[in-house]
Amino acid sequence: MERPSPFISEPGSTDVANAHPSKPAAENVLVAYVRARPAVNGDHLHPDHDQAVASYFEDSETIYAIARVMPLAQLGIDQ
């Protein structure tokens with residue numbers, strides 16, 4: 001079973017990744033991450049979640065992705 005995983009890499013911090021049961025759950029974690037971080041211009045406080053995420057990662061070395069993760073066994077690969 002595929003499990004969406006948000007991956008966040010921010011300079012000076014440990015990379016973060018965690019599998020979730022659904023894409024909306026993974027997106028909620030990304031939004032929570034952004035909302036918990038200070039930003040110089042405060043744009044991450046935008047009431048719209050998509051705008052807040054876009055604003056936080058714009059002009060930044062921080063990157064994110066939401067990947068679909070599945071066990072290797074599902075692909076017929078021994079672990």
Side-chain angles (χ1 to χ4, degrees):
M1 173 168 95
E2 289 184 354
R3 296 192 53 169
S5 175
F7 170 79
I8 303 166
S9 181
E10 188 159 13
S13 297
T14 302
D15 292 346
V16 178
N18 195 3
H20 295 275
S22 67
K23 186 174 180 185
E27 290 168 341
N28 287 340
V29 168
L30 180 62
V31 169
Y33 180 89
V34 167
R35 299 279 189 203
R37 299 291 180 272
V40 174
N41 60 11
D43 287 345
H44 71 293
L45 299 176
H46 194 285
D48 177 78
H49 293 321
D50 291 336
Q51 290 281 357
V53 169
S55 174
Y56 185 77
F57 289 99
E58 185 177 73
D59 299 328
S60 171
E61 292 183 30
T62 303
I63 60 169
Y64 80 92
I66 296 181
R68 296 179 303 169
V69 180
M70 72 174 58
L72 291 174
Q74 267 186 273
L75 299 173
I77 300 171
D78 291 328
Q79 297 181 14

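These numbers were taken from a predicted model, which means no experiment stands behind them.
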Under 3.5 Å donor-acceptor pairs involving side-chain atoms of residues 60-70, not counting sequence neighbours:
residue : atom : partner : partner atom : Å
Ser60   : OG   : Thr62   : N            : 2.9
Ser60   : OG   : Thr62   : OG1          : 3.2

Distance-only check: which donor-acceptor pairs under 3.5 Å involve side-chain atoms of residues 15-30, not counting sequence neighbours?
residue : atom : partner : partner atom : Å
Asp15   : OD1  : Ser9    : OG           : 2.9
His20   : NE2  : Asn18   : O            : 3.4
Ser22   : OG   : Ala25   : N            : 3.2
Asn28   : ND2  : Pro24   : O            : 3.3

Under 4.5 Å between side-chain heavy atoms, hopping through other hydrophobics if needed: is there a path connecting Val31 to Tyr56? yes

